[in-house]
Protein chains: 4
Amino acid sequence: GKLWGGRFEESVTDAVEKFSESISFDKALYKHDIMGSRAHATMLAKQGLMTSSDRDCIVQGLDEIERQIEAGEFVWRTDREDVHMNIEAALTDLVGEPAKKLHTARSRNDQVVTDLRLWCRDAITEILDRIKRLQVALVCLAIKNEGLIVPGYTHLQRAQPVLLQHLLLAYVEQLERDSSRFINCKDRLNFCPLGACALAGTGLPIDRFMTAKALGFTAPMRNSIDAVSDRDFVLEFLSANSIAAVHLSRLGEEWVLWASEEFGFLIPSDAVSTGSSIMPQKKNPDPMELVRGKSARVVGDLVTLLVLCKGLPQAYNRDLQEDKEPLFDSVKTIIGMLEVTTEFAQNITFNSERIGRALPAGHLDATTLADYLVKKGIPFRTSHDIVGRSVALCLSKGCQLLELSLDDLRSISPVFEEDVYEFLGVENSVKKFSSYGSTGSKCVAGQLCFWISKLGINGDKKQ
Amino acid sequence: GKLWGGRFEESVTDAVEKFSESISFDKALYKHDIMGSRAHATMLAKQGLMTSSDRDCIVQGLDEIERQIEAGEFVWRTDREDVHMNIEAALTDLVGEPAKKLHTARSRNDQVVTDLRLWCRDAITEILDRIKRLQVALVCLAIKNEGLIVPGYTHLQRAQPVLLQHLLLAYVEQLERDSSRFINCKDRLNFCPLGACALAGTGLPIDRFMTAKALGFTAPMRNSIDAVSDRDFVLEFLSANSIAAVHLSRLGEEWVLWASEEFGFLIPSDAVSTGSSIMPQKKNPDPMELVRGKSARVVGDLVTLLVLCKGLPQAYNRDLQEDKEPLFDSVKTIIGMLEVTTEFAQNITFNSERIGRALPAGHLDATTLADYLVKKGIPFRTSHDIVGRSVALCLSKGCQLLELSLDDLRSISPVFEEDVYEFLGVENSVKKFSSYGSTGSKCVAGQLCFWISKLGINGDKKQ
Amino acid sequence: GKLWGGRFEESVTDAVEKFSESISFDKALYKHDIMGSRAHATMLAKQGLMTSSDRDCIVQGLDEIERQIEAGEFVWRTDREDVHMNIEAALTDLVGEPAKKLHTARSRNDQVVTDLRLWCRDAITEILDRIKRLQVALVCLAIKNEGLIVPGYTHLQRAQPVLLQHLLLAYVEQLERDSSRFINCKDRLNFCPLGACALAGTGLPIDRFMTAKALGFTAPMRNSIDAVSDRDFVLEFLSANSIAAVHLSRLGEEWVLWASEEFGFLIPSDAVSTGSSIMPQKKNPDPMELVRGKSARVVGDLVTLLVLCKGLPQAYNRDLQEDKEPLFDSVKTIIGMLEVTTEFAQNITFNSERIGRALPAGHLDATTLADYLVKKGIPFRTSHDIVGRSVALCLSKGCQLLELSLDDLRSISPVFEEDVYEFLGVENSVKKFSSYGSTGSKCVAGQLCFWISKLGINGDKKQ
Amino acid sequence: GKLWGGRFEESVTDAVEKFSESISFDKALYKHDIMGSRAHATMLAKQGLMTSSDRDCIVQGLDEIERQIEAGEFVWRTDREDVHMNIEAALTDLVGEPAKKLHTARSRNDQVVTDLRLWCRDAITEILDRIKRLQVALVCLAIKNEGLIVPGYTHLQRAQPVLLQHLLLAYVEQLERDSSRFINCKDRLNFCPLGACALAGTGLPIDRFMTAKALGFTAPMRNSIDAVSDRDFVLEFLSANSIAAVHLSRLGEEWVLWASEEFGFLIPSDAVSTGSSIMPQKKNPDPMELVRGKSARVVGDLVTLLVLCKGLPQAYNRDLQEDKEPLFDSVKTIIGMLEVTTEFAQNITFNSERIGRALPAGHLDATTLADYLVKKGIPFRTSHDIVGRSVALCLSKGCQLLELSLDDLRSISPVFEEDVYEFLGVENSVKKFSSYGSTGSKCVAGQLCFWISKLGINGDKKQ
C-alpha cells in the first residue's frame with residue numbers, strides 16, 4: 001500500500017497509477033535524495049528528534065542503498081510511486097523501525113525541491129565545464145588559423161573581410177555570457193527549502209541552518225510557502241539553456257553552410273561526418289545539423305515549464321511533478337550539444353585555398369574605401385555615395401575595386417589619389433581596421449591573448 | 001561499419017555516435033518499417049527488380065524479425081544507428097544476399113517518412129477511440145445526474161443556473177471538434193512518400209501506386225522533394241494534440257476546483273485520488289491536476305517541432321531526426337490524458353446536497369428576471385438597469401431576489417406583478433430557458449438524446 | 001458611465017481602465033459587429049421582440065455608424081471599453097430608445113465570439129486568395145525556367161540533380177496542403193454562437209437558425225456554454241498560420257542562400273532588394289529574410305493563445321479578451337509574408353550560367369550510376385559500395401564520374417560497360433529519372449500541366 | 001530615395017516597403033537614438049573626425065528634433081524606413097552638410113543595437129521600480145491583516161492553516177528574485193556596441209571607450225561581430241519578463257479563486273472590478289483575470305524571439321528587425337501587469353468573517369497533531385498513520401479533530417493525553433509552528449520586519 005494510505009479504502013486504478021508514477025524519471029535524483037536524507041537525519045539526531053543510533057542505522061542504510069543503486073542491484077518499484085518513497089521504503093525494509101523517523105519534519109514537497117535544487121547545481125557545474133571546453137576548442141582553432149581572412153557577412157551577403165579568428169572569438173564571447181548567466185542562476189537557486197515541510201514549516205525543533213550548511217546551500221529559504229511552490233529556478237535554468245542553445249544553433253547553421261560545396265570553406269574530418277545510404281559520394285556535417293536541430297527541444301522544454309506553471313495557485317500542485325522531464329531533457333541535450341560542437345571544432349579544417357579564391361568577390365573592401373574618403377575630409381554620406389558609384393562601375397566592368405584605374409576612380413571623384421590602392425584588396429582592408437574590438441590584426445591578436453590567458457590555455461594545447 | 005561507409009576512412013567519435021543515434025527511440029517504428037519493407041519487396045519483385053524467391057526470403061526474414069522484436073529477443077544495436085539499418089542488417093544476417101536488394105529504389109529519406117505517416121495514422125485511430133470513450137463517459141455522467149442544477153460561471157463568478165448535463169455536454173462538443181480535426185489530419189497525411197528515394201525519385205521501373213495501395217494510402221505523393229522534406233503532417237498532428245490538451249486542461253482545472261473544500265461539488269472515489277505523505281486527511285484529485293499539467297508538455301512538443309522546422313532549406317536535413325521524440329511524447333501524453341480523464345469521469349460523484357445548498361447564493365436568476373421585464377415590453381437596457389437595482393436592494397437586505405416582496409420590487413419598477421415569482425429561484429430560472437442550445441431542460445434533453453444516439457450508447461451503459 | 005454600472009458606486013482607476021480596454025484593437029471587428037447586430041435586430045423584429053420600426057431605426061443607425069467609421073469620422077471612446085459598447089452607445093446617441101432593445105437576448109459573450117468567427121472566416125478567405133497567388137507565381141516561375149537543372153540538396157550537401165521546376169512545385173504542394181488546412185478550419189468554425197447569450201441561452205423566443213442563416217453560418221452551435229467559452233477555432237487558425245509560416249520560412253532560407261555570392265543561383269531585382277547604409281556594394285534579399293524572420297511571430301502568437309487558454313475553467317473568462325491581438329497580428333503577418341513572397345517570386349532571375357558552371361561539382365550523378373548497376377543485376381547494397389569506391393577514385397583524381405575511363409571503372413567492377421556513359425553527367429542523370437513524382441523531365445512536365453490547369457493559369461500569365 | 005540608393009536603379013515595391021518598414025514601431029527608440037548620436041558626434045569631434053562647429057550644429061539639430069518629437073510636431077516618414085534614417089534625414093534637412101558626417105564610423109547595425117541596449121536599460125529600471133511598488137503594496141496588505149489565519153492549500157485541497165501575512169510574503173520573495181534577475185540582466189547588457197560599425201569595426205581613429213562612458217555603459221564590447229549580431233540580452237530580458245509574468249499569473253489565479261462566491265475570502269472594491277452587460281449582479285475581478293491572461297503574451301513574445309534567432313548565421317540579418325515589437329510588447333505588458341496588480345492589492349479587503357467560518361473545515365490541524373505525537377516519541381510514519389485514522393474517525397462522525405473526545409483519541413492510540421487539545425484547532429496549530437521560515441506568528445513577524453526595513457516602508461504607508 002501507499003505510504004499515505006491511512007484513510008484510503010481502495011487503491012488507484014492501473015491507468016491512474018501508470019499516468020501518475022514518476023519513478024521512471026525521478027530516480028535520476030537518487031544521489032541528491034540520499035544526500036538530503038543523510039543531512040536531515042544528522043540534524044534530527046543533533047536536535048534530539050532521533051537517537052544517534054537511529055541516525056547511524058539510517059545513514060548506513062542509505063549508504064547501502066546508494067551502493068545498490070550504483071551497482072544496478074536496486075529494484076525500483078512503480079507501486080512505490082517516486083524516488084523518495086522507493087528509497088524510504090527500501091530503507092525500512094533494510095533497517096526497520098528507525099527508518100520510520102526519517103520523514104519527521106519533512107514532506108515530499110520540500111524534499112523533492114531540495115533534491116531538484118541540488119541536482120540543478122551539479123548540472124550547472126557540468127555545463128560550465130562543457131562551455132569552457134568549447135571555448136578552449138574555439139580559441140585553439142583560432143590559434144591554428146592565424147592570419148586567415150574570410151568574408152564577413154550581413155544578410156548572408158558578403159560585407160567586409162574579417163579574420164577567421166575574430167569570427168571564432170565572437171562565439172567565445174557569446175559563450176562567456178552564457179556562462180555568466182548560468183553562474184547567476186546557480187547562485188540564485190542555491191538556497192535550501194528543506195524544513196519547509198508540506199508548506200507551513202513545522203513545530204518540531206529542527207535546525208534549518210544546519211541542514212542548509214551541510215548541503216552546501218548559502219542559507220535556508222526564508223518563506224516556507226515560497227520554498228515548496230515556486231519553480232522559478234527551473235524556469236531560469238531552462239531559459240539559460242535556451243539562450244545557449246540558440247547560440248549553438250547559429251554556429252551550427254554557419255558551419256553547415258561553410259561545409260557546403262558552394263561555400264567550401266570548411267572540411268569536417270570523417271570522425272565527425274556521416275554518409276548517405278543511397279548517395280555514396282555524400283559527406284554530411286550531421287553533428288552540426290543536429291546541434292542546430294536539438295536547439296528546438298531545449299526551447300520546447302522551456303515552453304513546457306512556462307505553460308506548466310502558468311496560473312497555478314499556491315502552494316504545491318501535482319502539476320509540478322511535470323517539471324522534471326523537461327529539465328532533465330534540456331540539460332542532457334545542452335550538454336550533448338556542447339560536447340559535440342567541441343568535437344566538431346577539434347575535427348575541422350578550414351580550406352584556405354578555397355577561401356582565398358573566393359575572397360575577391362563581393363567588393364569586401366568597399367567600406368575601407370569609404371573610410372579612405374572620410375580621412376580625405378569627405379563627409380561620410382558623400383563618401384558612401386562615391387563608393388556606391390565606384391562599385392556600380394565595377395559591376396558594369398565585371399572587375400574588382402582594386403582593378404579600377406586611378407582615372408576610373410577620378411571620373412567618379414577627383415579626391416582619389418595614388419594612395420587609394422593602399423586601402424583596396426582584402427589584405428589591405430583588414431590591415432586598416434584599427435578600432436577597439438575590430439577585426440584589425442593587432443586588435444584580434446590582443447583579444448586572442450586575453451582569451452588564452454583567461455581560459456588558461458597553455459602552449460601544448462595550441463598545437 | 002556503417003552501411004554508408006564506402007569512402008569513409010575513420011569512424012565517428014563516441015560522443016558523435018551517441019549524440020546522433022536514434023535507435024533508442026525510433027525502434028518504436030519497427031512495425032511500420034517492416035510493413036513498408038514487405039510492400040516494397042513485393043512491388044520490386046512484381047516489377048522484376050528482384051526474383052520472387054528473393055522476395056520470399058525477405059518477407060519471411062522480416063516476419064521472423066518482427067516475431068523476435070515482439071518476443072523481446074531482438075538485439076537493437078546503436079552502432080547500426082537507426083531502426084531501418086538495424087532491421088536491414090539483421091535481415092542480411094538472417095537471409096544473406098537477397099537482403100542487399102531490399103534497399104533498391106529506396107532511401108532512408110523516403111523510408112522514414114513512410115514509417116512516420118503509417119505510425120501517425122495508427123496513433124490517430126487510437127486517439128479517436130480514446131476521445132469517443134471519454135465522450136461516452138461524460139454522457140453517461142450526464143445521464144446519471146439528470147436534473148441536477150449547478151451554478152454556471154463567467155469570470156469564475158456565479159452567473160446563471162445551468163443543468164450539469166448542459167455543462168458536461170459542452171465538453172462533449174469540444175471533444176467532437178477535436179475528433180474532426182484529427183480526422184482531417186489523418187486524411188491529409190495519408191499519402192505515400194515511398195519511392196521518392198533520397199529526394200529526386202528513381203530511374204528504376206518501380207510502381208508507386210502499388211506500394212501506396214498495399215499500405216492503405218490514398219495515393220502516392222506527387223512530388224518527391226516535398227515527400228521527403230516536409231513534416232507539416234507532424235506539425236498538424238501536434239497542433240491537434242495541443243488543442244485537445246488545452247480542452248482537457250480546462251476540464252482538469254474545473255474538476256480540481258469543484259473537488260476543493262470551498263466548492264465541494266465533486267467527490268472523486270479513492271480509486272482516482274491520492275493522499276499526502278505528511279497530511280493524513282488529504283484526498284487530492286491528482287489525476288486531473290496531472291491532466292492539467294501534462295497539457296504543458298503537449299504544447300512544448302509542438303513548439304519543439306515548429307522551432308525545428310523553421311528555416312530549414314529543402315530537402316532532408318538531419319535536424320528532422322528530431323521530429324520523432326516530440327511526436328511520440330505528445331501522442332503518449334494525450335492518450336494518457338484521455339484515458340485518465342475517462343476513468344476520473346467514471347469515478348466521481350456530484351455532491352447534490354452541497355450544490356443545492358450553494359445555489360441560492362449569487363443571484364443566478366437575475367438574467368431570467370431581465371427576460372421577464374423584456375417580455376413585459378421593457379427595453380433590454382432598461383430591464384438590465386432595473387434588475388441591477390433589484391440586486392443592489394438584495395445586497396443591502398442580505399437576501400435573494402426571490403425573497404424581495406412585490407412592494408420591494410415595485411418600489412424599483414411598477415412593471416413587476418405577481419407573476420414575477422414564476423421567474424425567480426434557480427429551478428424556475430432553468431425552466432424558463434428555451435432557446436436552441438440553451439440550458440433549458442427540454443433543450444438539454446434533446447441534446448442528450450442526440451449524443452446518446454451519435455455515440456451509440458445503449459441502455460446498459462446508462463446504468 | 002459603463003453600461004454595466006447599475007450597482008457600482010465607484011468607477012475603475014485609470015490604470016485599470018487602460019489595462020482593461022480593448023477598443024484600441026477590437027475596433028477591427030466593427031464591420032462584423034454591425035453585421036451581427038443587423039441580423040440580430042431583424043430576427044428580434046421577426047420574433048416580435050421589437051417593432052419593425054425599432055428595427056428600421058436600428059438598421060439605419062447601424063448603416064450610418066458603419067459609414068462614419070469607414071469615413072474616419074467615428075470617435076472611438078476608451079471609456080466605452082470595447083467595440084460592442086462603442087457601437088451600441090453611439091447607436092443610442094443616434095436613434096435613442098430603440099437602441100436599448102438591441103441587446104435583448106444577447107450578451108457581449110456571444111456577441112464577441114460571433115464577431116470573431118465572422119472575422120476569421122473573412123480572414124481565411126483572404127489568406128486562401130494569397131496562397132493561390134503565390135502558387136501561381138511559383139508555377140509561372142517554373143514555366144519561365146523550363147529545363148533548368150539545379151543541384152538538389154540533402155544536409156545542404158549536393159545530392160542529386162533536379163529540375164528547378166520540380167523544386168518549385170514542391171513548394172506549390174506544401175501551399176496546397178496549407179490551403180486545405182485553412183478550408184477545414186473555416187468549415188469547422190462556421191457555426192453560429194449568437195443566442196448563447198451570457199452562457200446559458202435565453203428564455204425569450206429568439207430564432208437562432210434565422211440569425212445563423214442570415215450571417216452565412218452553417219448552423220447555430222448546439223451548446224451555449226461551449227459557444228461562449230471555447231476558442232479552439234482561433235487555436236486551429238493560428239496553428240494553420242504557423243505551419244504555413246514555417247513553410248514560407250523554409251523558402252525564405254533557401255532563397256537567401258541562393259542569393260548569396262557563394263551560391264549565386266538567384267538574382268533579385270532592385271524592386272525587392274535593399275542596400276546598406278555603410279556598405280554601398282550590398283544588395284540584400286531583405287524581403288525573404290523578413291519572411292523567414294516573421295515566421296517567428298506567427299509561432300509566438302500561437303503560443304500566446306495556447307498559454308492563454310490553458311487551465312481556464314468554463315465559461316467565459318476575461319482572459320479571453322487577449323485572444324484578439326495575437327489573432328490579428330498572426331493574420332496580418334501571414335498575409336504580408338504571402339504577398340511579399342509572391343512579389344519576390346515575380347522579381348527574381350535564376351542565374352543559369354552560374355548554376356550551369358556549378359553543376360559538375362558534387363557527383364550528383366552517383367545515384368544514377370547506382371541505378372545503372374542495379375539494372376545490370378547487381379544488388380543495391382553492392383552497387384552502393386561500387387559507386388562509393390568510384391567516387392573515392394574521383395576524389396583522389398580530382399575529377400568527375402563522367403571523366404573516369406572505362407578502365408578506371410572496370411578496375412572497381414567488371415560490370416561496367418560502355419553504356420555507363422549514358423547514365424553519367426547531370427543531364428543524363430535527370431533524363432533517367434522516371435518514377436511517378438520524380439524529377440524526370442516527363443514527370444515534371446505532367447505535374448506542371450496539372451498545376452497550370454488546377455490553378456487556372458492561362459497562356460497570358462505564362463509570359 | 002533611400003540613403004543606400006547609390007547603385008539601385010529601381011525602388012522597392014509598395015508591398016515590400018510596407019512589409020519592411022520599421023518606423024511604425026522603432027520610433028519608440030528616438031530618445032536613445034538621439035542620445036547615441038550626441039555621444040557619437042562629440043567623440044568624432046574630439047577625435048578630429050569632424051569640426052567642433054559641425055558637432056555643435058549636429059547637437060543643436062538633435063536637440064531640436066527631440067523637441068519636435070516630444071511636442072508631436074515631427075513627421076515620421078515611412079519612405080525613410082526606420083528611426084535612424086528618419087532622424088538623420090531630418091537632421092540633414094535641418095542643418096545641412098554637417099549632418100552628412102554623423103554616420104562616420106557607424107552603421108545602422110551598431111546604432112540600432114546601441115539604442116536597444118539603452119532602451120532595455122531604462123525599461124529594466126522602470127520594471128524594478130514597479131516590482132518594488134508591488135512588494136510594498138503586498139507588505140502593506142500584510143500589515144493591515146495581522147493575525148488573519150487562512151487555509152494553506154496543496155493540490156487546492158486544504159492542508160494547513162497559515163497566516164495570510166505568510167502567504168503574501170511568499171509573493172514578495174518571488175518578486176525579489178525577479179528583481180535580482182532583472183538586475184543581472186541589466187548588468188550583463190550594459191556594454192557598448194557602438195563603433196562595431198557594420199560588423200568589422202573601422203579604420204578611423206574613433207574612441208569607443210569615450211562613447212561607452214558618455215552613454216553610461218560599463219565598457220565597450222570586445223568583439224565587433226558579436227556586438228552587432230547577438231540578441232541574447234533581449235532573450236534574457238524576455239525570459240526574466242516571462243518568469244515574472246508566470247509569478248503574477250499565479251497570484252492572479254489565486255485572487256480570482258478567492259474572489260469567487262465559493263471561497264468568498266476576498267472582496268475587490270468597485271475601483272478594480274467590472275460588471276456584466278447582461279447579468280447585473282456580477283462583480284468580476286477582471287484586472288486579475290487579465291493579469292493571468294496577459295502572462296500568455298509575455299511568454300509568446302519570448303518564444304517569438306527564440307524562434308527568430310534560431311539558426312541565423314553571423315552577423316546581422318534582417319530578421320533581427322523583428323526583435324523590437326515582441327520586446328516592446330513584453331515590457332509594456334509586464335509593467336501594466338505589475339501596476340494593475342499593485343492597484344488591486346491596494347483595493348481589496350479580506351473577508352475575515354467568511355474566512356473564519358471556513359477555517360474549521362479540512363482538518364488543517366492534522367499535521368500539528370502528528371508533530372504532537374512525534375514529540376511524544378512516536379516515529380513519524382507511525383504518527384502519520386495514527387493521525388490518518390483519527391481523521392477517518394472524524395469523517396465518520398462528521399466532526400473536527402478538536403471535537404473528538406480523549407476516549408475517541410485513545411481508542412486509536414494510548415499515547416494521546418489531555419495536552420493534545422493544545423495542538424488542535426487552527427489557532428493552536430498556527431501557534432505551534434516554530435521553524436525558521438514557517439508560518440508561526442513569531443517567524444512571520446520577523447520576516448515582516450525584514451521586508452518593512454528592506455523596502456523602506458515607513459509608518460505612514462502602513463496605514
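For the numbers below, each heavy atom of this structure counts, side chains included, while hydrogens, waters and symmetry mates do not. In what follows, chains are A, B, ... by sequence order, proteins preceding strands, each numbered from 1. Nothing here was measured: the structure is a model prediction, and the numbers come from that model.
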Heavy-atom pairs under 4.5 Å with chain B: which of [options] has the most?
{"options": "C:R292, C:E97, C:K431, C:E173", "result": "C:E173"}
{"options": "C:V246, C:I386, C:D230", "result": "C:D230"}
{"options": "C:M50, C:R231, C:K375", "result": "C:K375"}
{"options": "C:V299, C:L305, C:I243", "result": "C:I243"}
{"options": "C:G252, C:S180, C:A240", "result": "C:S180"}

Rounded to the nearest 0.5 Å, how far does [atom2] of [Y] lie from [atom1] of [X]?
{"X": "C:L199", "Y": "B:Y153", "atom1": "CG", "atom2": "OH", "value": "11.0 Å"}
{"X": "B:K310", "Y": "C:S242", "atom1": "NZ", "atom2": "OG", "value": "13.0 Å"}
{"X": "B:C192", "Y": "C:Y436", "atom1": "SG", "atom2": "OH", "value": "11.5 Å"}
{"X": "C:L44", "Y": "B:F380", "atom1": "CG", "atom2": "CZ", "value": "11.5 Å"}
{"X": "B:R181", "Y": "C:F233", "atom1": "CZ", "atom2": "CZ", "value": "11.0 Å"}

Looking only at heavy atoms and a cut-off of under 4.5 Å, which of [options] has the most pairs with chain C?
{"options": "B:D232, B:T104, B:T439, B:V162", "result": "B:D232"}
{"options": "B:L167, B:V303, B:V430, B:D54", "result": "B:L167"}
{"options": "B:Q447, B:Q314, B:K101", "result": "B:Q314"}
{"options": "B:L306, B:T382, B:L204", "result": "B:L204"}

[X] versus chain B, heavy atoms under 4.5 Å apart: side chain, backbone, both or neither?
{"X": "C:R177", "answer": "both"}
{"X": "C:S229", "answer": "both"}
{"X": "C:L257", "answer": "side chain"}
{"X": "C:S295", "answer": "side chain"}
{"X": "C:F209", "answer": "side chain"}
{"X": "C:F450", "answer": "side chain"}
{"X": "C:A196", "answer": "neither"}
{"X": "C:L248", "answer": "neither"}
{"X": "C:W451", "answer": "side chain"}
{"X": "C:I225", "answer": "both"}

Under a 4.5 Å cut-off applied to non-hydrogen side-chain atoms, are [X] and [Y] in contact?
{"X": "B:P379", "Y": "C:H103", "result": "no"}
{"X": "B:H155", "Y": "C:Y316", "result": "yes"}
{"X": "B:T154", "Y": "C:N317", "result": "no"}
{"X": "B:R381", "Y": "C:E88", "result": "yes"}
{"X": "C:E253", "Y": "B:L312", "result": "no"}

For the student: nearest non-hydrogen atoms of [X] and [Y], plus distance:
{"X": "C:P313", "Y": "B:R250", "answer": "O-NH2, 3.4 Å"}
{"X": "C:G311", "Y": "B:S249", "answer": "N-OG, 2.8 Å"}
{"X": "B:S224", "Y": "C:H166", "answer": "OG-NE2, 2.8 Å"}
{"X": "C:P161", "Y": "B:A200", "answer": "O-CB, 4.4 Å"}

Given 3.5 Å as the limit, does a donor-acceptor pair link the side chain of C:R222 with the main chain of B:G437, or not?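 Looks like no, no N/O pair under 3.5 Å.
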Is a side-chain donor or acceptor of C:S435 paired with a backbone partner of B:G201 at a separation under 3.5 angstrom?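 Between the backbone of B:G201 and the side chain of C:S435 there is no qualifying donor-acceptor contact (under 3.5 Å).
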Is there a donor-acceptor contact under 3.5 Å linking the side chains of [X] and [Y]?
{"X": "B:N184", "Y": "C:R188", "result": "yes"}
{"X": "B:D371", "Y": "C:T202", "result": "yes"}
{"X": "C:D226", "Y": "B:Q174", "result": "yes"}

B:F423 portion near chain C, given a 4.5 angstrom heavy-atom threshold: neither
